[in-house]
Engineer: 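Take this structure, written in structure tokens, and hold onto it; I'll ask about it next.
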Amino acid sequence: MSKKNTKYIFVTGGVTSSLGKGIVSASLGLLLKSRGFNVTIQKLDPYINIDPGTLNPYEHGECYVTEDGAETDLDLGHYERYLDAPTSQNNNVTTGKIYQTVIEKERKGDFLGKTVQVIPHITNEIKRRIKMLSKQNYDIIITEIGGTVGDIESLPYIETVRQLKWELGEKNSMVIHLTLLPYLASSGELKTKPSQHSVRQLMESGIMADVLVCRTEHTIPKDQRAKLAQFCNVSLDNVIECKDLETIYEVPIYLQKQNFDDVVLKELDLKNDKEADLKDWKTFLKKFKNPKKSIEIALVGKYISLQDSYISIAEAFKHAGASLETEVKVRWVYSGDITADNIKETLNGVDGILIAPGFGDRGIEGKVLTAQYARENKVPMLGICLGMQIMTIEFARNVLGHSKANSMEFDTSTPDPVISIMEEQKNIVDKGGTMRLGAWKCSLKNASKLYDIYGAKNISERHRHRYEFNSDYLQEFEKNGFLATGTNPETGLVEALELPDHPFYVGVQYHPEYKSTVATPHPLFRAFIRACEKK
Ligand code: GLN
């Protein structure tokens with residue numbers, strides 16, 4: 001492969017939102033990576049929040065956390081899961097971040113008396129953020145532009161793409177436009193008009209799409225394909241079909257069959273005879289689609305009506321499940337509905353329970369009841385972040401007899417704050433980006449389940465929390481059999497607890513789900529699924 005300058009791929013969306021630009025970008029990234037290119041994917045989000053950390057998951061789904069502690073869009077999770085490579089702060093940029101930087105510069109006087117404007121100051125800052133990634137020696141940078149072409153918010157981004165395309169010169173950048181072909185059942189037709197209009201809208205901003213990726217429920221007939229090519233100004237090979245598939249993990253294979261990667265490489269004048277090696281990916285898919293066993297796990301949380309809120313957990317189950325040839329069915333349970341009277345019925349028949357991460361006191365007591373149910377009935381249980389804190393509260397109340405034990409997040413006057421606010425968090429008032437975030441080291445006790453699971457003493461996992469296990473209670477917990485088997489090597493902070501005399505009762509302050517990928521299923525999820533199978 002002849003190494004040239006970094007090449008840029010811009011992915012835009014037309015007609016409607018939620019077409020799956022993230023999945024298409026991740027799939028393309030995987031195809032190019034499998035052909036030996038060094039690829040990264042970036043998301044530009046046109047909203048004014050600095051990051052999604054302060055957003056309610058109902059608004060924007062899960063907040064994904066990177067190794068370096070950025071709170072980011074959930075699409076970054078897809079990028080990591082497909083590419084099996086970490087992203088960073090620089091992979092997610094929002095309008096809020098862009099404006100913040102420009103305004104800070106203005107206050108410093110960096111613009112030397114000039115009027116600060118959307119063009120060129122905002123567009124230059126967007127450009128700088130896109131190009132910043134090229135310092136890391138990538139062959140190809142895929143930049144996904146959030147939102148839909150035509151949105152007022154997206155305009156500065158679209159204009160930046162136009163400028164960059166021109167500045168970078170022929171064959172150094174390209175635009176992939178993802179669009180929707182609606183199906184009219186009454187006439188049995190796929191319609192191309194909305195796509196034509198959205199391509200035209202792009203053209204009004206001075207951008208020609210190089211490739212069209214069409215989301216569709218049905219195979220695109222030949223004549224419709226030709227029509228799309230002709231009216232949208234792309235060659236026939238560059239009309240790519242992206243049909244609804246059984247799982248998002250089939251998308252790379254589906255796109256490869258249409259030579260999507262070849263089309264893209266040709267547009268970028270990159271040569272490479274290697275075929276994308278998707279052997280491992282296909283093995284994963286095969287196992288995922290043909291499981292030998294099936295288990296059901298209850299995921300107990302408070303954002304149950306939108307499954308995007310826990311997407312990394314759901315995907316981690318798929319990765320680990322497939323590696324064990326086990327189908328993991330998830331029973332989504334809203335903790336606010338759980339009472340002592342209905343818990344047995346609600347959790348009846350599940351092979352394991354996961355208590356989800358979360359913030360705020362809604363649905364907390366239902367989660368405490370769930371922890372008690374799992375502990376007493378020896379149902380395998382994994383508690384993540386808030387989940388671990390709930391397991392702590394439950395143990396304190398029902399085993400140690402501190403009936404009013406609680407987290408200071410929910411009750412500041414509890415006589416037994418078994419979960420307390422972290423020292424460094426006490427004086428923080430701002431909500432955005434101020435939690436304990438990103439990867440932290442954790443050392444595991446030799447004779448523990450977790451040590452066996454990880455097969456290592458020193459691990460590193462990602463975090464997102466303000467509260468912690470209150471170590472004033474550590475001795476009492478351990479004396480009664482709930483052991484802190486993972487701690488931060490520098491501060492002694494408790495990162496993991498487990499009950500040795502239970503088939504699987506593990507709570508972790510960190511988020512293992514952020515590190516699970518198709519290529520590297522997470523050992524903790526694997527171990528949890530194994531324990532559920534035994535039940
Ligand atoms: N609300 C808890 C805390 O801030 C747990 C956070 C989480 O589950 N991510 O510590």
Side-chain angles (χ1 to χ4, degrees), residues 51-58 60-67 69-72 74 77 299-304 308-314 316 334-336 353-368 370-371 381-394 396 405-412 414 417-440 442 461-471 473 484 486-488 491 493-497 506-516 524:
D51 59 45
T54 52
L55 284 173
N56 184 324
Y58 281 124
H60 230 257
E62 169 190 279
C63 172
Y64 185 76
V65 179
T66 58
E67 284 288 297
E71 296 176 285
T72 71
L74 61 81
L299 192 150
V300 180
K302 74 167 184 178
Y303 304 113
I304 291 305
D308 267 3
S309 307
Y310 305 111
I311 188 161
S312 291
I313 294 175
Y334 172 54
S335 59
I353 301 169
L354 186 144
I355 302 186
F359 298 85
D361 60 6
R362 182 162 59 87
I364 288 300
E365 292 307 318
K367 289 183 182 173
V368 174
T370 304
M381 148 84 86
L382 177 60
I384 296 181
C385 204
L386 176 66
M388 180 204 95
Q389 299 177 356
I390 295 285
M391 290 158 84
T392 304
I393 296 167
E394 191 279 321
N406 216 329
S407 161
M408 284 177 71
E409 183 179 0
F410 315 127
D411 180 4
T412 41
T414 167
V418 287
I419 301 295
S420 55
I421 183 122
M422 278 184 277
E423 200 47 46
E424 67 268 26
Q425 288 285 334
K426 281 186 181 154
N427 297 318
I428 293 177
V429 246
D430 282 357
K431 290 271 180 276
T434 54
M435 282 187 249
R436 179 173 183 244
L437 290 164
W440 292 86
C442 172
E461 291 280 5
R462 299 183 201 173
H463 295 251
R464 182 174 188 243
H465 61 121
R466 285 185 212 285
Y467 296 83
E468 61 171 343
F469 180 92
N470 183 347
S471 23
Y473 290 86
T487 47
N488 180 284
T491 59
L493 207 82
V494 173
E495 308 281 31
L497 289 157
V506 177
V508 290
Q509 186 58 75
Y510 52 79
H511 293 258
E513 71 275 22
Y514 293 143
K515 277 178 79 167
S516 171
L524 188 48

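Position 1 is the first residue of the sequence; numbering continues from there. Note that ligands are numbered from 1 as they come in the structure, with each ligand's atoms numbered from 1 the same way.
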Engineer: For ligand 1, find out whether one of its N or O atoms is nearer than 3.5 Å to an N or O atom of Tyr467.
Structural biologist: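 Among all N and O atoms of Tyr467, at least one is under 3.5 Å from an N or O of ligand 1.
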Engineer: CD/Glu468 to CD1/Ile421 distance, rounded to the nearest 0.5 angstrom?
Structural biologist: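 Glu468 atom CD to Ile421 atom CD1 measures 9.0 Å (nearest 0.5 Å).
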Engineer: Are Tyr303 and Glu62 packed together at the side-chain level, in the sense that at least one heavy-atom pair is separated by less than 4.5 angstrom?
Structural biologist: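 Of all side-chain heavy-atom pairs linking Glu62 with Tyr303, none is under 4.5 Å.
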Engineer: Which heavy atom of the protein is the closest neighbour of atom 9 (N) of ligand 1, given with residue, atom name and distance?
Structural biologist: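 Result: Arg464 O, 2.9 Å.
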Engineer: When you compare ligand 1 with Gly358, is there at least one nitrogen or oxygen pair between them that comes in under 3.5 angstrom?
Structural biologist: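 Yes: some nitrogen or oxygen of Gly358 is under 3.5 Å from one in ligand 1.
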Engineer: With heavy-atom distances below 4.0 Å as the criterion, list the atoms of ligand 1 near Leu386.
Structural biologist: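 Atoms satisfying the 4.0 Å criterion: 5 (C), 7 (C), 8 (O).
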Engineer: Salt bridge or not between Glu409 and Arg466? Use side-chain N to carboxylate O under 4.0 Å.
Structural biologist: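 Looking at Glu409 and Arg466, the cut-off is not met.
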Engineer: Give, for atom CD1 of Ile390 and atom NZ of Lys367, the distance between the pair rounded to the nearest 0.5 Å.
Structural biologist: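 If I round to the nearest 0.5 Å, the distance is 6.0 Å.
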Engineer: For ligand 1, does Met435 get within less than 4.0 Å through its side chain, its backbone, both, or neither, judged by non-hydrogen atoms?
Structural biologist: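 Looking at Met435 and ligand 1, no heavy atom falls under 4.0 Å.
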Engineer: Tell me, with the steps shown, if Tyr510 and Arg436 meet side chain to side chain donor-acceptor pair (under 3.5 Å).
Structural biologist: CA-CA 10 Å; Tyr510 52 79; Arg436 179 173 183 244; over 6 Å; no
Engineer: Among all protein heavy atoms, pick out the one at the shortest distance from atom 4 (O) of ligand 1; state its residue, atom name and that distance to 0.1 Å.
Structural biologist: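 Nearest neighbour among protein heavy atoms for atom 4 (O) of ligand 1, to 0.1 Å: Arg466 N, 3.0 Å.
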Engineer: Applying a strict 4.0 Å limit to heavy atoms, is Gln389 in contact with ligand 1?
Structural biologist: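 It does, in that a heavy atom of Gln389 comes within the 4.0 Å cut-off of ligand 1.
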Engineer: Let me confirm one number: the CD1-CD1 distance from Ile393 to Ile364, rounded to the nearest 0.5 Å.
Structural biologist: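 Going from CD1 on Ile393 over to CD1 on Ile364, the span is 6.5 Å.
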Engineer: Among all protein non-hydrogen atoms, which one is nearest to atom 2 (C) of ligand 1, and what is the separation to 0.1 Å?
Structural biologist: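 Answer, as residue, atom name and distance: Glu409 OE1, 3.3 Å.
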Engineer: List ligand 1 atoms under 4.0 Å from His511, heavy atoms only on the residue side.
Structural biologist: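 Reading through ligand 1 atom by atom, the close ones are 9 (N).
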Engineer: So which protein heavy atom does atom 7 (C) of ligand 1 come closest to, and at what separation?
Structural biologist: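 Answer for atom 7 (C) of ligand 1: Cys385 SG, 2.9 Å.
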Engineer: Distance check, rounded to the nearest 0.5 Å: Glu71 atom CD versus Met435 atom CE?
Structural biologist: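 Going from the CD atom of Glu71 to the CE atom of Met435 covers 5.0 Å.
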Engineer: Do the side chain of His511 and the main chain of Glu513 share a donor and acceptor less than 3.5 angstrom apart?
Structural biologist: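 Side chain of His511 to backbone of Glu513, a donor-acceptor pair under 3.5 Å: no, none is there.
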Engineer: Would you check whether Glu468 reaches within less than 4.0 Å of ligand 1, judged by its heavy atoms?
Structural biologist: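 False for this residue.
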